[in-house]
Amino acid sequence: MAPLRMKFVKSATDVDQLPYSKAEIAIVGRSNVGKSSLINALSNHKKLAMVSGTPGRTRLLNLFELLDGGTCMDLPGYGYAATSKSMRASWQKMIEQYLLERDNLEMIICLVDGAIGPTKLDVQMLDWLRANDLPHSVVATKRDKVKSSKWSRRRVDLAEGCQLEPNDIIWVSSSKGTGIDKMRSLINVWLGNK
Ligand code: GDP
């Protein structure tokens, strides 16, 4: 399947600064989960979302436009260890406000590190999304890092940690390209693109 053609639109600190979108998906996960690598793999563009982040942009709401229609929000990674409590609280507020107030938000893609399973913060995020009845899908990253001997157990454990069934989880590897085509077509479906 062809890469998603994506173009950076703008960075914002507040949902009110964002332009109208007919349909949007958002990608969220803790820092280092592989979010930038996934965006780059989906678009086949090495530096679209700078791997490990452009200084200054990693804490903002980064909006991308898909040339086939709709937009993709790259949300700041949560749980970055080096930040202060108050800074973490202000990011959380920014992310939560965005998720609650953004119009036409069709799907929230929650990334979980497939090599380590859901963290406490990932589970908190999933609980919060469920409590607020927001549409979301869990995507496990770094599939290639799980040894084949551990794979079937990990698949079950990760799903259980997310309170889901194994088949509910989409597994990807941005390095090897696993699951990337599937993600591209799901994104097109969520955005209502043909
Ligand atoms: P972000 O902070 O969520 O944007 O995460 P990055 O995309 O910067 O990735 C964090 C680290 O994980 C980097 O060292 C990546 O090279 C690595 N990484 C990301 N995706 C994969 C993957 O699919 N497989 C492997 N083996 N490493 C990955």
Side-chain angles (χ1 to χ4, degrees), residues 1 3-4 6-13 25-64 66 71-84 87-88 90-92 94-96 98-99 107-126 128-129 136-151 154-155 157-159 161-162 169-187:
M1 195 187 167
L4 300 178
M6 286 166 76
K7 191 176 96 190
F8 175 70
V9 179
K10 74 178 286 188
S11 295
T13 51
I25 54 154
I27 310 186
V28 68
R30 64 162 185 81
S31 312
N32 227 35
V33 70
K35 184 160 53 69
S36 309
S37 303
L38 178 61
I39 293 174
N40 292 339
L42 292 169
S43 60
N44 204 15
H45 195 315
K46 281 203 171 69
K47 284 188 180 166
L48 191 64
M50 292 285 268
V51 173
S52 293
T54 313
R57 261 204 205 149
T58 53
R59 293 163 190 199
L60 300 172
L61 306 168
N62 293 314
L63 188 67
F64 295 86
L66 279 86
T71 48
C72 171
M73 170 56 71
D74 175 12
L75 287 167
Y78 51 79
Y80 189 58
T83 53
S84 69
M87 214 169 206
R88 239 179 286 164
S90 75
W91 289 5
Q92 189 173 344
M94 178 171 80
I95 295 176
E96 289 184 358
Y98 162 83
L99 292 171
M107 187 55 72
I108 300 153
I109 300 171
C110 302
L111 301 184
V112 170
D113 193 320
I116 62 175
T119 64
K120 215 163 133 186
L121 285 171
D122 295 330
V123 174
Q124 268 173 29
M125 173 57 91
L126 289 172
W128 185 85
L129 291 169
H136 60 280
S137 296
V138 175
V139 173
T141 60
K142 309 185 190 180
R143 163 80 173 86
D144 61 289
K145 281 184 114 179
V146 183
K147 285 196 188 128
S148 46
S149 57
K150 302 248 165 81
W151 162 243
R154 173 58 55 83
R155 189 170 166 267
D157 288 349
L158 187 137
C162 298
I169 313 262
I170 306 154
W171 280 81
V172 297
S173 163
S174 301
S175 332
K176 302 276 185 226
T178 319
I180 297 301
D181 268 350
K182 184 176 174 186
M183 280 304 302
R184 287 173 179 153
S185 53
L186 281 170
I187 288 170

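All ligand and atom numbering here is 1-based and tracks the order in the structure. Keep in mind that this is a model prediction, so the values were computed, not measured.
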As an exercise, identify every atom of ligand 1 less than 4.0 angstrom from a heavy atom of Ser173. 23 (O)

For Gly77 and ligand 1, answer yes if some heavy atom of the residue is under 4.0 Å from a ligand atom, otherwise no. no

Which is it for Asn32 and ligand 1 at heavy atoms under 4.0 Å: side chain, backbone, both or neither? both

Less than 4.5 Å apart, side chain to side chain, heavy atoms only: is that true for Arg184 and Asn44? yes

Tell me, do Asp74 and Ile39 make a side-chain contact under 4.5 Å, heavy atoms counted? yes

Contact atoms of ligand 1, heavy-atom distance to Asp144 under 4.0 Å: 22 (C), 23 (O), 24 (N), 25 (C), 26 (N)

Compute the shortest N/O to N/O distance between Ser174 and ligand 1 and return yes if it is under 3.5 Å, no if not. yes

Measure the shortest side-chain to side-chain distance between Val146 and Trp171 over non-hydrogen atoms and say whether it is less than 4.5 angstrom. yes

With a 4.0 Å cut-off on heavy atoms, is Thr141 touching ligand 1? no

What one should report as the nearest heavy-atom pair of Phe64 and Val9 is C-CG2, 3.8 Å

Side chain, backbone, both or neither: Lys145 near ligand 1, heavy atoms under 4.0 Å: side chain

Residue of the set Arg30, Arg143, Arg154 for which salt bridge (Lys or Arg N to Asp or Glu O under 4.0 Å) holds with Asp113: Arg30

Before signing off on this row, confirm whether Val33 and ligand 1 have an N or O atom pair separated by under 3.5 Å. yes

So, taking the atom named CG in Asn62 and the one named CZ in Phe8, what distance separates them when rounded to the nearest 0.5 Å? 5.0 Å

